[in-house]
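A quick note: this is a predicted structure, and the numbers were derived from the prediction, not measured. Here is the naming used below: chain letters follow the sequence lines, and residue numbers restart at 1 for every chain.
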Amino acid sequence: MEPHLLCTGFRRAVVCNYNPAKRRILFHSRRGYATPTETSSGSQDPVRAAAPIRFSSNANQFAVNRAEFVDDAENSVGSRPGQSSRIPLLERIRILPASPSYFTGTPRFTDDFLALRALERKYQLLPTLPLAEAPRVAWKTLEQYRTELGEPVRLKRYSSLLTLLKKLNSIHPSLFPVEVERALARYKRVVQPHLNQPKPVVVDELGRARAVGRRKACHAEVYLVEGEGQCLINGKTLTEYFGRLHDRESAMWPLKATARLDKYNVWSTVRGGGTTGQAEAITLGLAKALLVHEPALKPALRKAGCVTRDIREKERKKPGRIKARKMPTWVKR
Amino acid sequence: MIIRTLPLRHGRLAVPKPITPSTLRTLATALDRPRFQPATASLDANGQSPSGGRTLEIRDPTDPVAQNFVFLQQQKALHKPIGSAVEPHYKPHDLIANPPSPKDITLELLMASQAHIGHATSRWNPSNAKYIFGVRGRDDPIHIISLDVTAAYLRRACKVVKGVTERGGLVLFVGTRGGQERIVVRAARLAGGCHLFSKWTPGSITNGQQILGACRKKVIDHNDIEVLGFGDQLERSAALKPDLVVCLNPLENYILLHECGLHNIPTIGIIDTDANPTWVTYPIPANDDSLRSVQVICGTLGRAGQEGQEIRRKSAAQGMWTSMQEHGLQPPTHGQAQREKEMREQEAMLAQQEYEEDARTVASEELEPVAKEDSLPYERDRPLSSEELAQASESARHLADWETAGVVEP
């Protein structure tokens, strides 16, 4: 091993002596391993530590030119204490949620809910009416409320809001706070159906009471005057108009049930539908007209089953069926 | 009869008697004061008001119910100073109206609010061993939380909240158990943060743009004054994330805490003996089942946030601020700011008009009964003076002035 190394060393030394280019390469490669000498460092600047890195709020600080970044950082650091007007607006602002309920996902609903809760707490000691006696109000439907807010409000959350609204609405009217009235107005529907009052029916100057009755597809207009028991339906007498005994009886049932067959004259026009429907339409119209003359008969007429409109209508025929529900006969194969 | 003792024996009779309370009471009937109105007149034979509430006139000061209420208020005010003085005691609403601040944290306060009561020993999480003081009871043993640890951890959490708010951070207070709503809202209000008392929508942080993208944001400057003109950019900007989350019931909010962990959002949580303390960054070992203990802890954190906000506002007023949010906004053009300002002004004007119209209709409604019913008396034999009527209607109108059990939020 050693003679081999020695041989190589000698050969290199000889080559270096004769080849100046190779001698320079060898010299330089050796310099890397050696400690710097006085002569080699004399021509360079003394070694100094790098400038401290100052990070700034700028997200692009590593993308921009180094000189710009350093300037920017020094500017902002230098001017931070004291003068805010010199700092650009963008460094002074921050984004915040518009509502503290931001993270609920339905901030406007939650704010509404909290406002109503606060009102409820504030006025919790006021006397209230029982819920059934409170003024009837048609509140906005969930769909209307959702559209107004533009938020996906859940049905369960909206019902809790409605409970609050109903509770506030049941405060006694004589002590109803203005604040609550204003708050509730937002949740009321524009059209309040409960405020509609039916027009009162009266006996006219000729002594007639006019009423309308309906049943199935029939429409009967009944005029009732005090008299001796005459009856005209579409210009015909009762017996001429209704061939069936049952229809005659049911048409005159309000008068018969209250024993007033010979006390009133009936004049009626009826159209549409069949005989049963027409007879029962007259029943309802007659009962209503009779109530105009004698309002005290209402319980008796209700008991006789003449006051309530029968809302049953013909059920429509469906495709794939013979009638509304009847299925075609089915044969196996 | 011994004459010389006569004045001694009968002298007292000669001296005029002091006025007895009963004599005073007979005099008091002559005072101008609302009287109790028995409501039998308006009830029918079944004891029900025939009309129901449906036909009652609104804000009618002559209604017996209104008069009785005024009477009740007056009686209450009269009798308030009577009776013995009650020692300071626990009032549930006090903790919400006026929560303790971090410097009020004492072991006594924590113990009085039952913060030391843990769960049954069988339900414990062994990671909480270092917070546990010992075991109470032989048949039904429960763990007792070490309150000096609680106090120390609570103070540390207060410092965290204070530090975050001082630097303009957004703190989210979460308490989704029943009854925690009010304190959560209150603490968020104090700390200028956000509140959540309903279910945390999973993904509000990790999938924020889908869930919170439609919620409105605003741009404020270092003095908390809104800066207009960023409307379009705000719509395009990413959904916000909280900078700190305070969770009062970590057991039910694992998803929230997990999302916070994914996004490097620090969390503070009340850790009972059955909860896992590694779910949150800054645990506060305490009882999370007692509403009182939760209110004390959450209120304290809220107060800490308030302190931080105050410091921030004060230094901002002096022109120094430390908040540096990477909002990525570009300066708005003058036109944008102007347009937004005009829109705001128009909205405000409309709202004001609506309010005034409301007030006008309400005022006209109110005037009617007073003008119409000036002959109906409080006392049947005496016509009502206009002053009394005014007082009654005033009381009906300004109910806010009455003490409604002191639970009105400040």
Under 4.5 Å from a heavy atom of chain A, the part of E181(B) involved: side chain
No-hydrogen, no-angle side-chain donor-acceptor test under 3.5 Å, E148(A) and Q144(A): no
Note, D112(A) side chain near Y145(A) side chain (heavy atom, < 4.5 Å): yes
Within-4.5 Å side-chain heavy-atom neighbours: L165(A) and N169(A): no
Portion of L172(B) that has a non-hydrogen atom of chain A nearer than 4.5 angstrom: side chain
Residues in residues 102-110 of chain A that sit under 4.5 Å from chain B, counting heavy atoms only: Y102(A), F103(A), T104(A), G105(A), P107(A), T110(A)
Residues R313(B), D224(B): salt bridge by 4.0 Å N-O rule: yes
Close side-chain approach of S101(A) and H195(B), heavy atoms under 4.5 Å: yes
Chain A contact via F173(B) - which portion, at a heavy-atom distance below 4.5 Å: neither
Region of V227(B) that comes under 4.5 Å of a non-hydrogen atom in chain A: side chain
For chain A, the option from D221(B), I220(B), I205(B) that forms the most heavy-atom pairs under 4.5 Å: I220(B)
Portion of L89(A) that has a non-hydrogen atom of chain B nearer than 4.5 angstrom: side chain
Heavy-atom contact with chain A under 4.5 Å, split by part of L234(B): side chain
All ring pair (Phe, Tyr, Trp, His ring centres under 6.0 Å) counterparts of H172(A), not counting sequence neighbours: none
L196(B)/V184(B) under side chain to side chain contact (heavy atoms under 4.5 Å, CB included): CA gap, chis, key distance, verdict: CA-CA 7 Å; L196(B) 180 78; V184(B) 164; 5.8 Å; no
Which atoms of L329(B) approach chain A - backbone, side chain, both or neither, heavy atom under 4.5 Å: both
Donor-acceptor pair, side chain of E181(A) and main chain of F176(A), under 3.5 angstrom: no
Chi angles and distances behind the side chain to side chain contact (heavy atoms under 4.5 Å, CB included) call for K199(B), T176(B): CA-CA 6 Å; K199(B) 184 181 174 259; T176(B) 53; 5.9 Å; no
Lys/Arg N to Asp/Glu carboxylate O, R146(A) vs E143(A), below 4.0 Å: yes
Residue, of L72(B), L240(B), I225(B), that accumulates the most heavy atom pairs under 4.5 Å with chain A: L240(B)
